[in-house]
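Let me begin by presenting the structure, written as structure tokens, before commenting on it.
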Amino acid sequence: MAKQIVVTESSFLKLKAELEYLKNVKRKEAAENVGIARSFGDLSENSEYDEAKNEQAKIEVQISELEETIAHAKVISDHEIQTDIVNVGVTVTIYDMEYDEETAYTLVSSREVDPLNNLISDQSPIGRALIGTKVGDIVSVEIPDGVAKFRVMNIAR
């Protein structure tokens with residue numbers, strides 16, 4: 001059985017919209033591209049055909065992965081998101097005790113990770129360490145350089 005993934009209601013809707021787009025738009029485009037490439041002649045030496053088939057296969061893999069994710073998603077509605085403890089869907093401000101700086105991260109599912117925008121997975125080392133903590137708690141996280149210590153400063157939606 002696939003692992004359950006925790007997602008917010010808005011994230012779940014985005015996953016469903018992405019799946020519909022892949023199924024109804026990208027899948028058709030890929031099939032058309034295969035047909036066009038097939039018309040270029042001998043398939044054994046037709047790189048356009050090979051590329052079109054590879055793109056079609058990638059889209060099918062994406063569809064399959066999204067269907068699996070959606071089927072095993074645990075959806076947390078916005079009103080269920082608590083700000084007394086760190087969990088998926090909250091933005092947590094932490095204080096790095098070594099570098100004397102604060103950073104705010106939003107905990108998201110592994111499908112929504114965007115480190116450039118401080119969206120970190122609940123399965124990442126920092127995310128795992130923060131899950132279940134409260135304001136004032138100190139967590140230790142193993143990082144490549146050793147162990148980092150953070151204090152939870154704020155939890156918000």
Side-chain angles (χ1 to χ4, degrees), residues 1-83 85-94 96 102-133 139 141-148 150 152 155-157:
M1 182 174 168
K3 185 177 180 199
Q4 187 176 55
I5 182 171
V6 178
V7 295
T8 61
E9 204 168 15
S10 59
S11 298
F12 186 73
L13 294 175
K14 287 178 189 173
L15 291 173
K16 287 178 72 171
E18 182 182 355
L19 177 62
E20 288 306 308
Y21 175 74
L22 287 171
K23 283 179 151 181
N24 297 321
V25 177
K26 294 301 281 182
R27 183 183 265 169
K28 288 178 185 172
E29 287 176 1
E32 289 170 6
N33 290 339
V34 169
I36 292 168
R38 183 180 289 129
S39 70
F40 293 155
D42 183 5
L43 298 182
S44 66
E45 296 179 15
N46 187 335
S47 64
E48 290 87 357
Y49 178 77
D50 290 340
E51 183 59 35
K53 288 297 284 181
N54 287 339
E55 184 63 28
Q56 187 178 41
K58 285 196 307 192
I59 291 168
E60 292 304 321
V61 167
Q62 288 176 308
I63 288 170
S64 177
E65 288 174 350
L66 274 171
E67 287 175 336
E68 185 77 8
T69 298
I70 289 169
H72 295 96
K74 178 182 183 219
V75 181
I76 299 174
S77 65
D78 293 337
H79 71 274
E80 287 181 287
I81 297 174
Q82 312 244 338
T83 57
I85 63 166
V86 176
N87 209 335
V88 172
V90 302
T91 298
V92 57
T93 304
I94 58 173
D96 186 321
E102 285 189 5
T103 306
Y105 292 109
T106 301
L107 266 69
V108 296
S109 71
S110 56
R111 295 235 5 136
E112 304 168 272
V113 172
D114 183 359
L116 296 177
N117 290 308
N118 288 351
L119 302 177
I120 63 169
S121 168
D122 60 331
Q123 298 302 308
S124 69
I126 293 175
R128 276 195 314 265
L130 290 172
I131 292 289
T133 60
V139 296
V141 180
E142 228 175 283
I143 58 172
D145 293 344
V147 176
F150 304 106
V152 178
I155 305 168
R157 278 193 208 187

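What you are looking at is a predicted structure, and each value in this text was computed from that prediction instead of being measured. We're numbering straight along the sequence, starting at 1.
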Q: Name all pairs fulfilling the side-chain hydrogen bond (donor to acceptor under 3.5 Å, both in side chains) condition that reach into residues 107-116, sequence neighbours left out, sorted by first residue then second.
A: S11-E112, S109-E112, D114-N117
Q.
Could you go through Q56 and I59, starting from their C-alpha distance and side-chain angles, then the distance that decides it, and tell me whether this counts as side chain to side chain contact (heavy atoms under 4.5 Å, CB included)?
A. CA-CA 5 Å; Q56 187 178 41; I59 291 168; 5.9 Å; no
**Q.** Close side-chain approach of L119 and Y105, heavy atoms under 4.5 Å
**A.** no
Q. In Å, rounded to the nearest 0.5 Å, how long is the span from CZ of F40 to OG of S47?
A. 9.5 Å
Q.
If I compare all heavy atoms of E80 with all of V75, which pair ends up nearest, and what's the gap?
A. OE1-O, 4.0 Å
**Q.** CG on L130 to CG on N87, rounded to 0.5 Å
**A.** 11.0 Å
Q) What residues, two or more places apart in sequence or in another chain, satisfy salt bridge (Lys or Arg N to Asp or Glu O under 4.0 Å) together with K23? A) E67
Q | Among V108, T106, T103, the one residue meeting side chain to side chain contact (heavy atoms under 4.5 Å, CB included) with N118 | A | T103
Q) Rounded to the nearest 0.5 Å, what separation is found between the NE2 atom of H72 and the CD atom of Q4? A) 9.0 Å
Q: Check side chain to side chain donor-acceptor pair (under 3.5 Å) between E51 and all other residues, then give those that pass, not counting sequence neighbours.
A: none
Q. For T93 and A104, which heavy atoms make the closest approach, and how far apart are they?
A. OG1-CB, 3.8 Å
Q. Picking from I131, V86, I120, what satisfies side chain to side chain contact (heavy atoms under 4.5 Å, CB included) with V92?
A. V86
**Q.** Nearest-0.5 Å distance that lies between atom CG in L19 and atom CG in N24
**A.** 8.5 Å
Q. Got a sec, which residues hit salt bridge (Lys or Arg N to Asp or Glu O under 4.0 Å) with E60, two or more places apart in sequence or on another chain?
A. R27
Q: Answer yes or no: is there a side-chain heavy-atom contact under 4.5 Å between L66 and L15?
A: yes
Q: Could you tell me which residues satisfy salt bridge (Lys or Arg N to Asp or Glu O under 4.0 Å) with E65, sequence neighbours excluded, listed by chain and number?
A: none
Q | For the student: nearest non-hydrogen atoms of V7 and A73, plus distance | A | CG2-CB, 4.1 Å
Q) Once you round to the nearest 0.5 Å, how far does CG of N54 lie from OH of Y49? A) 10.5 Å
Q | V6 to I76 - nearest heavy-atom pair and separation | A | CG1-CD1, 3.0 Å
Q.
Give me the atom names and distance for the closest heavy-atom approach of S124 to G127.
A. OG-N, 3.0 Å
**Q.** V141 versus A129, closest heavy-atom pair with distance
**A.** CG2-CB, 3.5 Å
Q | Listed partners of E55 passing salt bridge (Lys or Arg N to Asp or Glu O under 4.0 Å), at least two apart | A | K58
Q. Would you say R157's side chain and V90's backbone share a donor-acceptor pair under 3.5 angstrom?
A. no
Q: Please lay out, stage by stage, how E102 and I94 fare under the test side chain to side chain contact (heavy atoms under 4.5 Å, CB included).
A: CA-CA 5 Å; E102 285 189 5; I94 58 173; over 6 Å; no
Q: Quick one: pull up CD in Q62 and OG1 in T69 and give me the separation to the nearest 0.5 Å.
A: 11.5 Å
